[in-house]
Amino acid sequence: MTKPITVELGERSYDVHIGASLLDTAGERIASLVGKTARGRPLPVVTDTNVAALHYPRLAKSLEKAGLSPAPIVLPAGEQTKSFAYLEQLIDALLALETERGGLILAFGGGVIGDLVGFAAGVLKRGIAFAQLPTTLLAQVDSSVGGKTAINTARGKNLVGVFHQPRIVLADIGTLGTLPKRELLGGYAEVAKYGLLGDADFFSWLEQHGTAALSGDEQAMTHAVSHSVAMKAAIVVRDEREQGDRALLNLGHTFGHALEAATTYSDLTHGEAVALGCVLAFKLSARLGLCPQQDVARVAAHLDKAGFRTQLADVCGPPSPDVLLSFMHQDKKTKAGRLTFILARGIGKAFISNDVEEEEVLKLLEDEDE
Ligand SMILES: NC(=O)c1ccc[n+]([C@@H]2O[C@H](COP(=O)([O-])OP(=O)(O)OC[C@H]3O[C@@H](n4cnc5c(N)ncnc54)[C@H](O)[C@@H]3O)[C@@H](O)[C@H]2O)c1
Ligand SMILES: [Zn+2]
């Protein structure tokens, strides 16, 4: 276990704890956050069917030991749970438990549970405190920190949500041991992204130890998660509501979202699309004369070694340059018709750009297509 990382947001500040057996001591930490009046009442623990079967008994034991009365609310696993229908079902279950303003709601699972529960907590009775207990690598390094919550609609992902910061984040690295390999790899794309966007030393460390972290070395994984969270926390503190710097976290995502959409969310996971998107963002930067070619080669080599597809030709289809460009325009991050790209002057030196000529993007994708 490492020192907790504090996300410094004034009265909304909170600690992120990262370590190998945190679930066993979660009870005490949670109990200290539950108001006196709420102590004897049921404590809602929202989770999905997979996480419930694998990890709920350990969490429940720890909560009970601390004098709390966990009340599990188990939802189906999968992205379709981030919907109005399940929001309604969840809110009804929380109201049935008579969840009050002084209470606390636990989100125990991956980013789907974290986003849905965070949103429900943000709007129920105009805001109830919640805790994030992330159990996927993606949720530990990305979605559980920063207070963005959302559900999807038929017109697009994450279109309905609020900013609602958690009161605490408890990331138990041990839970990653049961995560399917492809899910683990997907989260690793976001880990590598932090090195690529702002920390060349961390990227070098990943070149040395990344595969160990992915193969179950808990010490290496704890370092990778802690460093990622510290970087995300620093960016969120600078720009909580994404008016500037927070957009750096979208490195690889302009291409990534288009790749996911163009392959109808079936061939690539989000992380796989982001990994390929990072390679494309570095290639684009090199074409524009901003980034040395050898950095592009290092990015591609590392992501390839980790197990990602790093060329457009490897994608099923593969989608044509025009199709990809039209999906980029549909992404909600376009400003007044201009595409936003996160470019880099080298590994660890990313910046936000609104003035990339589409011609350059098309040429890059056409060359990739050959
Ligand atoms: N709020 C944010 O800032 C933010 C940032 C990035 C992504 N997101 C959102 O996060 C979501 C994706 O999160 P995700 O990748 O964690 O997906 P997920 O929550 O669907 O989890 C992936 C799968 O792993 C299973 N699982 C979870 N923990 C497990 C464990 N320890 N062992 C075995 N299986 C386990 C889940 O049941 C699910 O089947 C997306 O909806 C995305 O929009 C939000
Ligand atoms: Zn992402």
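All figures in this text were calculated on a predicted structure; none of them were measured in a lab. Order of appearance sets the numbers: ligands from 1, and atoms from 1 within every ligand.
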- Query: ligand 1 and Leu176, any nitrogen or oxygen pair closer than 3.5 angstrom?
  - Reply: no
- Message: Check this for me - ligand 1, Thr135, N or O atoms closer than 3.5 angstrom, yes or no?
- Response: yes
- Message: Heavy atom to atom 34 (N) of ligand 1, shortest distance: which of Val274, Leu179, Asn152 holds it?
- Response: Leu179
- Which atoms of ligand 1 have any heavy atom of His55 under 4.0 Å away? 31 (N)
- In Glu190, the N, O or S atom nearest to the Zn ion (ligand 2) is which? OE2
- Note on the structure: atom 7 (C) of ligand 1 has as its nearest protein heavy atom Leu138 CD2, 3.7 Å
- Can you tell me how far the CG atom of Asp92 sits from the CD1 atom of Ile73, to the nearest 0.5 Å? 9.5 Å
- Note on the structure: Value for CD (Glu357) from CG (Leu362), rounded to nearest 0.5 Å, stands at 11.5 Å
- Message: Can you confirm whether Leu106 sits close enough to Gln132 that some side-chain heavy atom of one is under 4.5 Å from a side-chain heavy atom of the other?
- Response: no
- Which atom of His253 approaches the Zn ion (ligand 2) most closely (N/O/S): NE2
- Query: Can you check whether Ala77 has an N/O within less than 3.5 Å of an N/O in ligand 1?
  - Reply: no
- Message: What protein heavy atom lies closest to atom 40 (C) of ligand 1? Include the residue and the distance to one decimal.
- Response: Glu79 OE1, 3.4 Å
- Item | CD/Glu88: more than 12 non-hydrogen atoms of other groups inside 6.0 Å | no
- Item | Among Asp314, Asp267, Asp304, salt bridge (Lys or Arg N to Asp or Glu O under 4.0 Å) partner for Arg309 | Asp267
- Message: Could you check whether any side-chain heavy atom of Met221 comes within less than 4.5 Å of a side-chain heavy atom of Leu137, counting everything from C-beta outward?
- Response: yes
- For atom 6 (C) of ligand 1, closest protein heavy-atom neighbour: Asp142 OD2, 3.5 Å
- Do you know the tightest heavy-atom contact between Gly114 and Ala107? CA-CB, 4.1 Å
- Can you list the ligand 1 atoms lying under 4.0 Å from a non-hydrogen atom of Asp48? 36 (C), 37 (O)
- Quick one: does Leu179's side chain get under 4.5 Å of Leu176's, heavy atoms only? yes
- Quick one: look at Lys148 and ligand 1, take heavy-atom pairs under 4.0 Å, and tell me if it's side chain, backbone, both or neither. both
- Task: Give the atoms of ligand 1, by number and element, whose distance to some non-hydrogen atom of Leu54 is under 4.0 Å.
- Result: 32 (N), 33 (C)
- With a 4.5 Å heavy-atom cut-off, do Leu43 and Ser69 have their side chains touching? no
- Considering only non-hydrogen protein atoms, determine which one is nearest to atom 4 (C) of ligand 1 and report residue, atom name and distance to 0.1 Å. Ser143 CB, 3.2 Å
- Item | N/O/S atom of Asp142 inside 2.8 Å of the Zn ion (ligand 2), strictly under | no
- Got the closest protein heavy atom to atom 27 (C) of ligand 1, with its distance? Thr136 CG2, 3.3 Å
- For Glu183, counting its heavy atoms only, list the atoms of ligand 1 lying under 4.0 Å from any of them. 22 (C), 23 (C)
- Task: For a side-chain hydrogen bond (donor to acceptor under 3.5 Å, both in side chains) with Lys82, tell me which candidate from Thr153, Thr149, Asp115 qualifies.
- Result: Asp115
- Is Thr178 close to ligand 1, meaning an N/O of one under 3.5 Å from an N/O of the other? yes
- Can you pull out the closest protein heavy atom to atom 9 (C) of ligand 1? Residue, atom name and distance to 0.1 Å, please. Asp115 OD2, 3.4 Å
- Query: Do side-chain atoms of Thr263 reach the backbone of Ser266 as a donor and acceptor pair under 3.5 angstrom?
  - Reply: no
- Nearest 0.5 Å, what's the OG1-CG distance between Thr254 and Leu325? 11.0 Å
- Note on the structure: atom 42 (C) of ligand 1 has as its nearest protein heavy atom Lys82 NZ, 3.7 Å
- Task: For the pair His270 and Tyr265, evaluate ring pair (Phe, Tyr, Trp, His ring centres under 6.0 Å) and give the outcome as yes or no after the intermediate values.
- Result: CA-CA 8 Å; His270 173 71; Tyr265 299 91; 9.3 Å; no
- Task: Note the single closest protein heavy atom to atom 10 (O) of ligand 1, along with its residue, its atom name and the distance in Å.
- Result: Gly111 CA, 3.4 Å
- Message: Distance under 4.0 Å to a non-hydrogen atom of Asn158: what atoms of ligand 1 satisfy this?
- Response: 43 (O)
- Might you point out which heavy atoms bring Cys291 and Phe282 nearest each other, and give the distance in Å? SG-CD2, 3.8 Å
- Message: Minimum distance, heavy atoms only, to atom 39 (O) of ligand 1: which one of Leu184, Asn50, Asp172 is it?
- Response: Asn50
